[in-house]
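Just so you know, ligand 1 is whichever comes first in the structure, and atom 1 is the first atom listed for that ligand. In this chain, numbering begins with 1 at the start of the sequence shown.
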Amino acid sequence: MSSPDTKAAKLIRKCVIPAAGLGTRFLPATKAVPKEMLPIVDTPTLQYIVEEAVAAGIEDVVVINGRGKSSIEDHFDIGFELETTMRARGKTAEADKLRAIANLVRIVSIRQKEPLGLGHAVLCAKSVIGNEPFGVLLGDDMIDAEEPGIGQLARVYQQHQKAVIALMEVPDSETHMYGIAAGKDLGNGVIQIDHVVEKPKKGTAPSNLAVIGRYVLPPSIFPILENQTTGVGGEIQLTDGLATLQKTEGLLGYKFQGQRYDAGDKVGYLKANIAYALKRPDLRGGLLEYMREVVKTEKP
Ligand code: G1P
């Protein structure tokens, strides 16, 4: 893509994708398979996230992973034996598709040795990110949008030179499941945040603007995270670090354009599968036919 938006996003060259979680909500599937490798149709969720970063001009992806997750590295490597066998069988197009995954982007993999929280996972990338602004993309949040989700935030970062996080309105009944931000509407979807809190108790949320897993942050977040005490769930929370950043340097929210799927939730994951399958000409007809049949025959 060559739109001016994408060029702006290119100034963000690196991103972090935390992928060290245990994936307990998807057991037993995630006993031996990383949650990030579960497919949406036929492609691992993590590949969509990496493709979003690449479409926004990001050149280096830091994946924070954990024990038993080496298949993530294998997926973005050259599958030499598989490719050779496929080429020998004349399946050139399929082999080329596999090679394209390995050529997508430079990937650096870092172990988060203990599950100390999202803030700690981002901190693990400090030495690779260095002294420049960077993106963070959470694998549970799939954003289907014309302009890549992280690219939208990078554009806002370029305009305002301030940390920016993705926001989306959620029903009041769901605010306790998210980081929640409140602040002043600056127009064009941009919010100047004056308050951000991780998973507020029911009835205490300062707004219904939920933090969705896309962030563009300055390197000054690292010393903040280094000094961050544990928060909700006994973990070092990224949102708590953002609350400090808001006070020291300011923090923006951006109501991104596009459809978000929560692939970390079972119904959200199934919805994502249906939505992405419906976009595929080879699957759409058969799936629609089945869905019509289900609607006709299933009782509520
Ligand atoms: C994380 C963040 C939370 C954010 C959410 C978005 O929570 O801590 O602030 O709202 O992602 O998906 P998690 O869903 O990992 O518990």
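- Listed by chain and residue number, Y48, Y261 satisfy the ring-ring contact (aromatic ring centres under 6.0 Å, His included) test with Y276 (two or more places apart in sequence, or in another chain).
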In a simple table, one pair per line, please give the protein and ligand 1 atom names for every N or O pair closer than 3.5 Å, along with the distance.
| residue | atom | partner | partner atom | Å |
| --- | --- | --- | --- | --- |
| ligand 1 | 7 (O) | K199 | NZ | 3.3 |
| ligand 1 | 8 (O) | E198 | OE1 | 3.4 |
| ligand 1 | 8 (O) | E198 | OE2 | 2.7 |
| ligand 1 | 9 (O) | G179 | N | 3.1 |
| ligand 1 | 9 (O) | E198 | OE1 | 2.6 |
| ligand 1 | 9 (O) | T239 | OG1 | 3.2 |
| ligand 1 | 10 (O) | G179 | N | 2.9 |
| ligand 1 | 10 (O) | V211 | O | 2.6 |
| ligand 1 | 12 (O) | D141 | OD1 | 3.4 |
| ligand 1 | 12 (O) | D141 | OD2 | 2.8 |
| ligand 1 | 16 (O) | K199 | NZ | 2.6 |

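- F76 is not connected to V108 by any chain of hydrophobic side-chain contacts under 4.5 Å among Ile, Leu, Val, Met, Phe, Trp and Tyr, and they are in different clusters.
- With respect to the salt-bridge test (charged N to carboxylate O, under 4.0 angstrom), the residues K69 and D74 do not qualify.
- Across all their heavy atoms, V164 and G253 have their closest contact at CG2-C, 4.2 Å.
- Not less than 6.0 angstrom separates the ring centroid of Y215 from the ring centroid of Y157.
- When the options I193, I221, V197 are evaluated for a side-chain contact (heavy atoms from CB on, under 4.5 Å) with L242, the one that passes is I221.
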